[in-house]
Amino acid sequence: AKSMNPVLPEGAVAIRVNDPLTALQDLASWVRAQSSARIIGIAGSNGKTTTKELMAQVFAGEKKTWATPGNLNNHIGLPLTLLRAEEDVEVMVLELGTSGAGELATLCRIAQPQIGVITSIAEEHTETLKDLAGVIAAETELIAALPADGVAVVYGDHEGLLDAVHCQARCRIVTFGERENNNFRISEIQVARQGTRGLLHTQQGTHVLQLQLLGSHFA
């Protein structure tokens, strides 16, 4: 059949595979296995793209950094992101999206993140995930995929999410939010024309946080 023997432009090479999507994911997984980069995976109901951009800017000052273009965060976008990375990249900040059970586990098998971030949790994709418990189960697939020497960075103001993370994690857990028990706590948030300001409380002391972004959720 003509579809089995395509006419190729001069100099082009065709590789015949049983399934193009599986081949794309397998190739991306192989490329990831050759990389010595630190891989950071970002999941969550909201704020993934903004968090990815902010983290990439922070790391780019010290390391050669590659981040997900736009929000190419699904089973096609993630492999494309990995395949576009240069060989000497030192840090990759990857946005990981999910709309159904098992999707993040698949993305993590490809990307093999060492650090996982869950930005927030809310009822989303209820047509497939049903309820908040389903969302938490899907998002924490990232945490379950982290190695024992990895780090889980998690929104700490949601008890249901924290309980699931503690059940899933084999690695160190770092929490952030507004509640007292978080490892990194933000307080006295003020939003003005100049941006968003607050106090960031850490084990190393308290620091003033000033962002040009408008909104307490950015803090």
Side-chain angles (χ1 to χ4, degrees), residues 8-44 47-98 103-119 139-154 169-174 176 183-184 200 202 204 207 209 211-213 218:
L8 299 174
E10 186 176 349
V13 175
I15 301 175
R16 182 175 293 159
V17 297
N18 291 327
D19 181 87
L21 177 58
T22 301
L24 176 70
Q25 293 176 344
D26 287 349
L27 183 59
S29 181
W30 180 84
V31 167
R32 161 64 185 101
Q34 312 308 307
S35 174
S36 60
R38 176 73 67 176
I39 309 292
I40 303 165
I42 302 177
K48 292 187 292 295
T49 302
T50 302
T51 301
K52 176 257 302 182
E53 294 292 343
L54 288 170
M55 290 185 73
Q57 287 187 33
V58 168
F59 283 111
E62 297 288 335
K63 307 268 188 189
K64 185 165 184 178
T65 303
W66 174 242
T68 301
N71 63 343
L72 292 176
N73 63 20
N74 65 6
H75 59 299
I76 297 172
L78 173 70
L80 291 175
T81 297
L82 288 167
L83 292 172
R84 290 175 182 173
E86 296 182 16
E87 289 185 15
D88 59 345
V89 163
E90 297 173 278
V91 175
M92 289 195 216
V93 187
L94 304 176
E95 183 177 332
L96 307 176
T98 181
E103 291 183 3
L104 267 183
T106 297
L107 298 183
C108 288
R109 279 196 294 272
I110 299 169
Q112 295 292 310
Q114 299 110 334
I115 299 172
V117 180
I118 298 182
T119 58
E139 297 289 0
T140 52
E141 288 173 8
L142 167 60
I143 305 304
L146 296 173
D149 60 350
V151 183
V153 183
V154 182
R170 296 177 293 156
C171 62
R172 182 163 65 97
I173 299 169
V174 176
F176 65 90
N183 300 117
F184 292 85
L200 178 63
T202 77
Q204 287 73 40
H207 313 271
L209 178 71
L211 299 170
Q212 293 182 339
L213 300 167
F218 288 122

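Please read all numbers here as calculations on a predicted model, not as lab measurements. Computed over heavy atoms, backbone and side chain alike; hydrogens, waters and symmetry mates excluded.
For the atom pair NE2 (H75) and CG (L80), the distance works out to 10.5 Å, reported to the nearest 0.5 Å. In this structure, the separation between CG on N71 and CD on E53 is 10.0 Å, given to the nearest 0.5 Å. For the atom pair M92 CE and E86 CD, the distance stands at 10.5 Å (nearest 0.5 Å). With rounding to the nearest 0.5 Å, the separation of CG in N74 from CG in L96 is 10.5 Å. Note that the CD1 atom of I143 and the CD1 atom of I118 stand 4.0 Å from one another [nearest 0.5 Å].
Applying the side-chain contact (heavy atoms from CB on, under 4.5 Å) test between L94 and each of I40, L82, N73 identifies L82 as the sole match.
The minimum heavy-atom distance between C171 and P147, with the atom names listed, is CB-O, 3.2 Å. The two residues V91 and V89 make their nearest non-hydrogen contact at O-CG1, 3.2 Å.
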*For E95 and T49, run side-chain hydrogen bond (donor to acceptor under 3.5 Å, both in side chains): C-alpha distance rounded to whole Å, both residues' side-chain angles, the deciding distance at 0.1 Å, then the answer.*
CA-CA 7 Å; E95 183 177 332; T49 302; 2.8 Å; yes

*asked:* Would S35 and R32 count as a side-chain hydrogen bond (donor to acceptor under 3.5 Å, both in side chains) here? Give the steps.
replied: CA-CA 5 Å; S35 174; R32 161 64 185 101; 4.8 Å; no

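Proximity of a side-chain donor or acceptor of E139 to a complementary backbone N or O of A43 within less than 3.5 Å is not detected. Put simply, the side chain of K52 gets close to the backbone of T68: a donor and an acceptor are under 3.5 Å apart.
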